[in-house]
Amino acid sequence: MTDPAPSGDPRAGAPDDEAPRRFQPLGDYDWPALPAEDTVARWWDRVRDAFRDEDPDAPFVADAALDRFAGDRLDRIAPPPACGPLLEDMTATLQDWLAQPNGGDTVRLIVMPPCEGAHILALWAGAQGLEVLNCPERGDAGHATLLSRSDHGPLVIPALETWFLRTADGLAGVRALLDAVSRTDRRCVIGCNSWAWRYLCKAADAQAFLPKGLTFQAFDGARLQGWFRELTSSGEAAGARFRVSSSGTDLFGAAENGSADYFTRLAALSLGIPWVAWRMWRNAMRTRPDPEVEDKAETAEPGRRTIWLTRPDTFAMPPNAGEMTLLTLQSLLIHGALSPEDLARTLPGGATRASVPALLKAQMLVLSGTDLRCNPAAYPAIRTALSDAGFNMDEL
């Protein structure tokens, strides 16, 4: 198998914010960066200063005077899935290759950061009408035999991280799958999160079976702004203003003075990952609990609802967090989501008793049904903690 490469240079011609952007090879991810002098705390101050005008009576709403939205309300204001234009990007990347007959270069590997939860590759496959192969149970090797049937069309395996467990005997399923993929004539699109891919390259020599992976281009401020504007232009959010609580400035207003600065820094804080930015954006949304409280800008346009955006949530490791806490986070990044029992199996001595409750309290972890997963909004903080502690990092 030869290493795939998207046709054309994905950066060539500086594509506009609405055009699909082809995926690029792993290692070429352009991490959005804050200016050197910025920190998370200073980011909000800079946004406030950029928006504040010369009028001493400029609108201002204290964050303490605002209430959070309930989760179902947020789903109506900024509905999932949190992938934005990624589905179109994926189609632009894969459609010509998929249209080719079987044989030759048969595999595409799509590697993306963890915590997205919705298995975007599976959503894309459903929209394209392609067959999807999921692993019904971690470590199950039997499902890989379906790949021996070469008379079928393209096959999508959306989440390679679900085919193994990081234990002494937990790699049988993924090894059988990798061997089957290397032998099939079917066109296969395989998805894997970036932490799982790094682990599989070390533990199962996965890079010897699959070609070099592709990943999306980081979402910069302009693309986030365009996506969120479109996302909130219909449904319950239609007609609402999205205003920064510290200044009252409308992020999507006609002037949009300073809004590019806001979204540039949101792109940096979210590492350019759309589902992380989407979570940060939604989590910052607030409503005024007392509709009788007047605001100068609101009374100028009576009846138009305002959704306020506060300082983004910040996340910190639990007090006295040790190596077991970090190993817990690493394991969940690798696997995506695990039951408490499976998580314990991946850790030395099976110990999770102290680390999981502390991580849940710190909101670094969330419950997804009965499974544990890393909080997408906390992923940048988790990644920084693991990097600072010297853990092997993923690659995009």
Take Tyr29 and Trp31, measure what ring pair (Phe, Tyr, Trp, His ring centres under 6.0 Å) needs, and give me the verdict at the end.
CA-CA 6 Å; Tyr29 193 78; Trp31 299 88; 4.7 Å; yes
Verdict with supporting geometry, Leu332 and Leu372, side-chain contact (heavy atoms from CB on, under 4.5 Å)
CA-CA 8 Å; Leu332 288 172; Leu372 293 160; 4.3 Å; yes
Checking Asn375 against Ile382 for the side-chain contact (heavy atoms from CB on, under 4.5 Å) test, could you report, in this order, the C-alpha distance in whole Å, the side-chain angles of both residues, the deciding distance, and whether it holds?
CA-CA 9 Å; Asn375 181 357; Ile382 293 171; 5.7 Å; no
Test side-chain contact (heavy atoms from CB on, under 4.5 Å) applied to Asp67 and Arg286, step by step:
CA-CA 5 Å; Asp67 284 349; Arg286 301 289 188 274; 5.9 Å; no
I would like to know whether His119 and Leu123 meet side-chain contact (heavy atoms from CB on, under 4.5 Å); could you show each step before the answer?
CA-CA 7 Å; His119 292 319; Leu123 293 176; over 6 Å; no
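Residues Leu121 and Val132 form no side-chain contact, since every pair of their non-hydrogen atoms from C-beta on lies 4.5 Å or further apart. No side-chain heavy atom of Trp308 sits under 4.5 Å from any side-chain heavy atom of Thr287. Proximity of Leu347 to Met324: side-chain heavy atoms (C-beta onward) are separated by under 4.5 Å at one or more points. Counting heavy atoms from C-beta outward, Val276 and Phe219 have side chains that stay 4.5 Å or more apart. Inter-residue side-chain proximity for Leu271 and Leu396 is flagged as unmet; no heavy-atom pair is nearer than 4.5 Å. Between Thr167 and Arg345, some side-chain heavy-atom pair lies under the 4.5 Å cut-off. In this structure the side chain of Trp197 never reaches within 4.5 angstrom of the side chain of Glu161, judged on heavy atoms. By the 4.5 Å heavy-atom criterion applied to side chains, Trp275 and Leu86 are counted as neighbours.
Residues Gln24 and Phe216 share a closest heavy-atom pair of NE2-O, 3.8 Å. Residues Pro376 and Cys115 approach most closely at CG-O, 3.3 Å, considering heavy atoms. Minimum interatomic distance between Gln225 and Phe252 (heavy atoms only, all atoms of both residues): O-CE2, 3.8 Å. Scanning all heavy atoms of the two residues, the minimum distance from Ala389 to Leu326 falls at CB-CD1, 3.5 Å. Across all non-hydrogen atoms, the minimal contact from Trp97 to Val107 is CZ2-N, 3.6 Å. Shortest non-hydrogen contact noted between Ser233 and Ala238 is O-CB, 3.6 Å.
For the atom pair CZ of Arg243 and CD1 of Ile307, the computed distance is 12.0 Å after rounding to the nearest 0.5 Å. Note that CG of Leu26 is 7.0 Å distant from CG of Leu109, once rounded to the nearest 0.5 Å. Atom OG in Ser194 sits 10.0 Å away from atom CD1 in Ile334 (nearest 0.5 Å). Atoms OH and CG, on Tyr199 and Leu333 in that order, are 14.5 Å from each other to the nearest 0.5 Å. Taken to the nearest 0.5 Å, the CE atom of Met280 stands 11.0 Å off from the CG atom of Leu224. Rounded to the nearest 0.5 Å, atoms CD1 (Ile190) and CD1 (Ile157) are 4.5 Å apart.
Residues passing the side-chain contact (heavy atoms from CB on, under 4.5 Å) test with Thr91, sequence neighbours excluded: Gln95, Trp124, Gln128. Under the side-chain contact (heavy atoms from CB on, under 4.5 Å) criterion, Glu88 pairs with Pro20, Pro85, not counting sequence neighbours.
No donor-acceptor pair closer than 3.5 Å links the side chain of Ser331 to the backbone N or O of Thr346. No donor-acceptor pair under 3.5 Å is formed between the side chain of Asp89 and the backbone N or O of Phe23. A donor-acceptor contact shorter than 3.5 Å links the side chain of Ser270 to the backbone of Leu266. No donor-acceptor pair under 3.5 Å is formed between the side chain of Arg305 and the backbone N or O of Gly239. In terms of modelled atom types and a separation under 3.5 Å, the side chain of Thr184 and the main chain of Val181 share no donor-acceptor contact. Side-chain N or O atoms of Gln217 include one that pairs as donor or acceptor with a backbone N or O of Arg22 at under 3.5 Å. Distance alone, capped at 3.5 Å, places no donor-acceptor pair between the Ser387 side chain and the Thr384 backbone. In this structure, the side chain of Asp220 does not engage the main chain of Thr264 through any donor-acceptor pair within 3.5 Å. Within the 3.5 Å criterion, the main-chain N or O of Glu116 finds no donor-acceptor partner in the side chain of Tyr379. Without hydrogens or angle criteria, Ser368 side chain to Asp371 main chain gives no donor-acceptor distance under 3.5 Å.
The pair Arg282-Asp75 counts as a salt bridge, with a side-chain nitrogen and a carboxylate oxygen less than 4.0 angstrom apart. By the 4.0 Å N-to-carboxylate-O rule, Arg68 lies close enough to Asp313 to be salt-bridged with it. Salt-bridge formation is not detected for the pair Asp105/Arg187: no Lys NZ or Arg NE/NH1/NH2 atom is positioned less than 4.0 Å from an Asp or Glu carboxylate oxygen. The pair Arg183-Asp179 meets the salt-bridge criterion, since a charged nitrogen lies less than 4.0 angstrom from a carboxylate oxygen. The residues Glu131 and Arg186 are annotated as salt-bridged, a charged nitrogen and a carboxylate oxygen being separated by less than 4.0 angstrom.
More than 12 non-hydrogen atoms from other residues, nucleotides or ligands lie less than 6.0 angstrom from CD of Gln207. Taking a 6.0 Å sphere around CG of Asn320, one finds it holds 12 or fewer heavy atoms contributed by other residues, nucleotides or ligands.
Hydrophobic clustering (side-chain heavy atoms under 4.5 Å, transitive across Ile, Leu, Val, Met, Phe, Trp, Tyr) keeps Val366 apart from Trp278.
For Thr310 and Asp63, the side-chain atoms include no donor-acceptor pair closer than 3.5 Å.
In this pair, Phe263 and Trp281 present their aromatic rings tilted. The plane angle is within the 30 to 60° band.
Each of Arg198, Arg383, Lys202 was evaluated against Asp394; a single residue qualifies, Arg383, per the salt bridge (charged side-chain N to carboxylate O under 4.0 Å, His left out) test. The side chain to side chain donor-acceptor pair (under 3.5 Å) test with Arg241 is passed by exactly one of Thr306, Asp250, Thr232: Thr306.
Sorted by first and then second residue, the ring pair (Phe, Tyr, Trp, His ring centres under 6.0 Å) pairs with a member in residues 322-342 read Phe164-His335; sequence neighbours excluded.
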